[in-house]
Amino acid sequence: MLRMASSFPEEVLEHVFSFIYDDKDRNAISMVCKSWYEIERWCRRRIFVGNCYAVSPPMVIRRFPEVRSVELKGKPHFADFNLVPEGWGGYVYPWIAAMATAYPWLEEIRLKRMVVTDEALELIAKSFKNFKVLVLSSCEGFSTDGLAAIAANCRNLKELDLRESEVDDLSGHWLSHFPDSYTSLVSLNISCLGSEVSFSALERLVGRCPNLRTLRLNRAVPLDRLANILCRAPQLVELGTGTYSAELQPDVFSSLAGAFSGCKELRSLSGFWDAVPGYLPAIYPICPSLTSLNLSYATIQSTDLTKLVSQCQSLQRLWVLDYIEDIGLEALAAFCKDLRELRVFPSEPFAQEPNVSLTEQGLVSVSEGCPKLHSVLYFCRQMTNDALATIARNRPNMTRFRLCIIEPRAPDYITLQPLDDGFGAIVEHCKDLQRLSMAGLLTDRVFEHIGNHAKKLEMLSVAFAGDSDLGLHHVLSGCENLRKLEIRDCPFGDKALLVNAAKLETMRSLWMSSCSVSFGACKLLGQKIPRLNVEVMDERGPPGSRPESCPVEKLYIYRTVAGPRFDMPGFVWTMDEDSALRLS
Amino acid sequence: MGRRGSASSSSSLESSNYPALSSRSSLYQHNRDLSTDLRLGLSIATSSQGNPSTPSESDWPPIKPFLKETLAAEENECNSATFFVKVYMEGIPIGRKLDLLAHDGYHNLIRTLDHMFNTTIIWAEMDGEHSEQYHVLTYEDKEGDWLMVGDVPWEMFLSSVRRLKITRADI
């Protein structure tokens, strides 16, 4: 058998490997034998680094010399909710600098939660002659000047997607830096930008790019300019409108409706800032073919929302505010039988009292009516164990289930019991559950259910839950496939962590904030497991200045082959053998 | 039968070594008492010492900043909208101006007018004896007709009212 493996010429093996795209499969191939490892590493074209500090740029470049596409993720997920202080890290510049010399033929860079600077963007613009795709998801640190550099220099750019990034928006002029000869745009997402881009430059750009299929405009594009843009791109598949509000004028309405009707390929809509109900009928003609609808910024009420979704029989994904109410979700359940993903966001997240009639019943209805529903994010103000159990029984195919009850530690509002059994039912019935985010009053029992049943669980988010270390221990010892665990405001301390220290090396990362993990335990973990970075974040000052038993504010533990990082701000300390000595 | 995890030390987390959970309802009550105490401003240890706490608006509920800003902006827009109408009282040549959007309904409006004009206002929902010293609240609608305030839903009233007049009840 070994002889056969080595008797294939390299070129043949390389050709075979070129059909394998999935990272896990590629990793498996590379472990068959040394020669396969060698062949594979020379022909791997795409790498994904889930934590930019898990490995260093030189290490990646040394192993994979011919990469064309790189995806990196930086800050922990809880950075989305302001839990990671400014300056924590996640800088992409060292990566760009290293790749500028090592990968001159790099085509794609996808970044999530990283700090990107204008220098980094300028370096990208001038280093990679065949650069095609730039996706900056929830990134920050750059301005429209950096975008201008990309627009001006990347002649083969196909995709520029700034989704939810925080951009220092100096002016909209950057868009005009795309030269007149530039026609290769396929996807443009500028929805996060505040200032106005030149509408004529935008229209000309759209008009001269025949392959444009995705266009997500920003709020500054007024409704009366949308028709013109659409008429220049009838081949669009995905559209994000700008402001969807204007005085009701028949001529504006009819040209808009006409423009939408002309877009026969349109399958995904988003934007809809300040949407007024009067202009919604303009999209009715294309509703039956829509597969994705994002109404997260549309402050329209339940009657109009219900009317809208009832016409979207092909809908697979709906993101909407809780204005839709239970009644709208019932309509969704009745008409949208192909629904796969539902996200319901709170319209008044800080109000104590509910402003809309959205309860657990809405989610139950959708779980009953939509057989393909497998991904849920639901913000509400009340829940019961019964509802959760019903949802679980209805939808054993659930893979991502995230519930947020606005009031922390809210019990089952009918029985006043914790929601342990409800979430227990979820993990018991939904055997393929990969992601879970829990809410409400929860004791250690729910973690026992999770440890016993959630065998495919990869990511778990926990807040204001549990009674003791036993809870954390259940999860760490029971969830075989756990990769990411993020915990805030739970009474979990040292014991469970220390007992399960080895488990931490099998995971991508663990985040714990406002828990009860002591500085002493952090030091011990850092010393015990060399290939973990145990980072303590404390804005009160050096942890060494307080007793060892004192709990740390925030703790971020991740596995790494790159050793401790050196770009930490003053409020982050790495616990390893050396630092433990330095801090004592 | 045992739990997974490092064999040597898993016994230290056997449930028998842990105190039985207190009954769940009393646990919830305990949490609520602490939350109430925090709201009352008593000095309770912060959550970093393992006590329950109420989260701040900056990091709870877990919604992304972009959505949070958009919703906040929309709420501000609603809050900063105004709709001032003139109000005249019979017999007083100088009128007043009142922001109808600063009120959330008829009761609120009547209370403001009662104070503003130092009288008791009669409107559609009011029953009981009407004294001669009371005043009736009427409004002019888009068609120029004068109607008693309070018959139609508040939102409908807002969309049709042009100005208000308070007349004596002894007509």
Side-chain angles (χ1 to χ4, degrees), chain A residues 78 80-83 138 164 166 192 219 273-274 296-297 299 321 345-350 379 404 406 408-409 411 416-418 420 437 441 443-445 451 461 463-464 467-470 473-474 476-478 480 488-489 491 493 495-496 498-503 514-516 550-553, chain B residues 2-32 34-35 38-39 45-75 77-79 155:
Chain A
F78 272 177
D80 285 353
F81 315 127
N82 255 339
L83 284 171
S138 303
E164 292 170 324
E166 224 179 275
C192 61
R219 196 174 185 172
W273 282 279
D274 311 313
S296 313
Y297 305 114
T299 48
L321 288 171
F345 298 102
S347 53
E348 280 182 32
F350 307 116
F379 282 82
C404 180
I406 304 282
R409 304 191 193 89
L416 297 182
Q417 294 300 300
D420 298 338
S437 188
L441 182 66
T443 73
D444 283 347
R445 268 194 58 209
S461 306
F464 306 101
D467 312 308
S468 73
D469 273 57
L470 199 53
H473 175 68
H474 285 307
L476 289 176
S477 56
E480 292 152 15
R488 63 164 290 182
D489 293 274
K495 288 199 190 83
L498 292 172
V499 159
N500 293 286
K503 168 76 174 176
S514 303
C515 296
S516 310
C550 194
V552 299
E553 264 177 13
Chain B
R3 298 192 188 286
R4 307 181 90 248
S6 27
S8 55
S9 29
S10 61
S11 58
S12 66
L13 275 159
E14 295 286 68
S15 48
S16 58
N17 287 354
Y18 276 71
L21 285 172
S22 50
S23 82
R24 290 182 206 118
S25 53
S26 71
L27 184 71
Y28 177 66
Q29 193 54 46
H30 173 68
N31 291 348
R32 290 294 272 186
L34 275 172
S35 304
L38 280 169
R39 280 196 280 272
T46 62
S47 63
S48 64
Q49 272 133 35
N51 288 337
S53 67
T54 43
S56 75
E57 274 190 12
S58 64
D59 53 52
W60 187 267
I63 55 177
K64 287 191 186 173
F66 204 41
L67 181 61
K68 218 192 285 191
E69 277 160 29
T70 309
L71 293 173
E74 267 148 17
E75 214 182 300
E77 271 167 35
C78 294
N79 292 344
E155 287 76 20

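Just so you know, these numbers use all the heavy atoms, side chains as well, and skip hydrogens, waters and symmetry mates. Nothing here was measured: the structure is a model prediction, and the numbers come from that model. In what follows, every chain begins at residue 1, and chains take the letters A, B, ... in the order their sequences are listed.
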Peer 1: Got A/D80 and B/P62 here, is their nearest side-chain heavy-atom distance under 4.5 Å?
Peer 2: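 A/D80 does not reach B/P62 side chain to side chain.
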
Peer 1: I'd like to check B/S58 versus A/F81 (side-chain heavy atoms, cut-off strictly below 4.5 Å). Are they in contact?
Peer 2: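 When only atoms from C-beta onward are counted, A/F81 and B/S58 do not touch, as no gap falls below 4.5 Å.
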
Peer 1: Taking A/L83, A/N82, A/L476 one by one, which has the highest count of heavy-atom pairs under 4.5 Å against chain B?
Peer 2: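 Looking at each option in turn, the highest pair count goes to A/N82.
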
Peer 1: Sequence neighbours excluded, which residues qualify as ring pair (Phe, Tyr, Trp, His ring centres under 6.0 Å) partners of A/Y297?
Peer 2: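 Scan of A/Y297 (ring pair (Phe, Tyr, Trp, His ring centres under 6.0 Å), adjacent residues dropped) gives A/W273, B/F66.
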
Peer 1: Listing request: all salt bridge (Lys or Arg N to Asp or Glu O under 4.0 Å) pairs with a residue in residues 54-69 of chain B, at least two apart in sequence or in separate chains.
Peer 2: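 Matches after skipping sequence neighbours: A/E164-B/K64, A/R488-B/D59.
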
Peer 1: For A/F78, which atoms come within 4.5 Å of any heavy atom of chain B: side chain, backbone, both, or neither?
Peer 2: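 Nothing of A/F78, per the 4.5 Å heavy-atom cut-off to chain B.
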
Peer 1: Looking at CD1 of A/I406 and CD1 of B/I63, how far apart are the two atoms once the value is rounded to the nearest 0.5 Å?
Peer 2: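 CD1 of B/I63 is found 7.5 Å from CD1 of A/I406.
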
Peer 1: Ignoring hydrogens, what is the shortest heavy-atom contact between B/W60 and A/C404? Give both atom names and the distance.
Peer 2: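 So the minimum-distance heavy-atom pair works out to CZ2-SG, 4.0 Å.
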
